[in-house]
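In what follows, a structure is listed as structure tokens, so that the remarks can point back to it.
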Amino acid sequence: MSIDASSRPAVLFVCLGNICRSPLAEAAFREEAARIGLDAQIDSAGTGDWHLGHAPDKRAQAVARRNGIDISGYRARQVTPDDFRRFSHIVALDANNFADLRALSPADATAELSLLLDHVPGREGQAVADPYYGDEAGFDITWADVVAGARGLADRLKG
Ligand code: 4NP
């Protein structure tokens, strides 16, 4: 596939720690983009700095593995001002992440900010709940949510 740098979407998923929700959103979106033939740059990051360089949470790795995807090689990083110029779309997992992104956004930002579930008809404005302090079952809900959001966003970007 040829790459047109001017129109190739670049999508960054952002949660708080970059070890639970946004790596799962990244994985779901990578899979969906490959399935429908969408050529995109894809990454994830956190607004917080507690887990820099860490692999995803074991429970996030496990739910990805149950769904056939290995995310053990992902490493957490923090959002930078440059992300707002490098990515065409920055996708927050919840309203706190969205508000934090708004506050971090530099004056010359070009990225379009949205919530992941804005891309799911009927779920606009909803959060992907933080599963970090919950149990394993919460990660199955997270996975279902990020798959729904990834599908909606990938379909929209595919046009
Ligand atoms: P995430 O989950 O934002 O989905 O990666 C969390 C991970 C770590 C923390 C909070 C949420 N924490 O407080 O360390």
Side-chain angles (χ1 to χ4, degrees), residues 9-34 40-106 109 111-154 156-157:
V11 184
L12 179 69
F13 297 95
V14 176
C15 63
L16 181 59
N18 194 210
I19 58 167
C20 297
R21 292 167 295 171
S22 61
L24 291 173
E26 176 184 344
F29 191 80
R30 284 186 184 283
E31 180 166 87
E32 186 61 14
Q41 184 194 334
I42 306 164
D43 197 5
S44 64
T47 57
D49 64 359
W50 307 284
H51 298 285
L52 300 184
H54 294 185
D57 185 282
K58 292 289 181 204
R59 299 162 297 173
Q61 292 190 40
V63 75
R65 201 178 312 113
R66 285 198 293 282
N67 288 278
I69 303 174
D70 178 7
I71 63 167
S72 63
Y74 290 17
R75 292 295 177 267
R77 74 169 181 90
Q78 194 171 23
V79 176
T80 69
D82 202 38
D83 287 328
F84 293 85
R85 295 177 284 263
R86 290 200 305 120
F87 288 88
S88 57
H89 297 77
I90 300 184
V91 184
L93 275 285
D94 70 26
N96 287 328
N97 310 144
F98 189 91
D100 289 343
L101 286 166
R102 267 271 156 77
L104 287 168
S105 182
E112 173 194 304
L113 289 187
S114 63
L115 274 174
L116 182 62
L117 292 180
D118 285 345
H119 304 287
V120 182
R123 299 195 66 187
E124 297 88 351
Q126 291 185 16
V128 175
D130 186 347
Y132 186 67
Y133 294 105
D135 59 16
E136 191 93 19
F139 283 75
D140 287 309
I141 294 169
T142 305
W143 181 252
D145 283 351
V146 300
V147 167
R151 286 193 178 146
L153 178 58
R156 189 193 130 204
L157 295 180

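All residue numbers in this chain count up from 1 along the given sequence. Just so you know, ligand 1 is whichever comes first in the structure, and atom 1 is the first atom listed for that ligand. Source: prediction; values computed, not measured.
Screening Leu157, Val147, Asp43 for a side-chain contact (heavy atoms from CB on, under 4.5 Å) involving Phe29 leaves a single residue, Leu157. When Asp145, Val14, Val128, Asp57 are each tested for a side-chain contact (heavy atoms from CB on, under 4.5 Å) with Arg21, only one passes: Val128.
Contact annotation: the side chain of Thr142 never approaches that of Leu93 to less than 4.5 Å [non-hydrogen atoms, C-beta and beyond]. In this structure, Val79 and Phe84 have side chains that are in contact, with non-hydrogen atoms separated by less than 4.5 Å.
Proximity of Asn18 to ligand 1, defined as any heavy-atom pair under 4.0 Å, is confined to the backbone N, CA, C and O atoms. Neither the backbone nor the side chain of Phe139 has a heavy atom within less than 4.0 Å of ligand 1.
With hydrogens left out, the protein atom closest to atom 13 (O) of ligand 1 is Tyr133 OH, 3.2 Å, a heavy atom. Atom 1 (P) of ligand 1 has as its closest protein heavy atom Cys15 SG, 3.5 Å. Shortest contact from atom 12 (N) of ligand 1 to any protein heavy atom: Tyr132 CE2, 3.7 Å. With respect to atom 2 (O) of ligand 1, the closest heavy atom belonging to the protein is Asp130 OD1, 3.4 Å.
The contact set between ligand 1 and His51, taken as ligand atoms under 4.0 Å from a residue heavy atom, comprises 8 (C), 12 (N), 14 (O). Numbered from 1 in the order shown, with element, the atoms of ligand 1 that lie under 4.0 Å from a heavy atom of Ile19 read 5 (O), 7 (C), 8 (C). For ligand 1 and Cys20, the ligand atoms under 4.0 Å from any heavy atom of the residue are 1 (P), 2 (O), 4 (O), 5 (O).
A salt bridge is defined here as a Lys NZ or Arg NE, NH1 or NH2 lying under 4.0 Å from an Asp or Glu carboxylate O, and Arg77 with Asp83 meets this definition.
The closest side-chain donor-acceptor pair between His119 and Ser114 falls under 3.5 angstrom. Residues Ser72 and Asp70 bring a donor and an acceptor atom of their side chains to less than 3.5 Å of each other.
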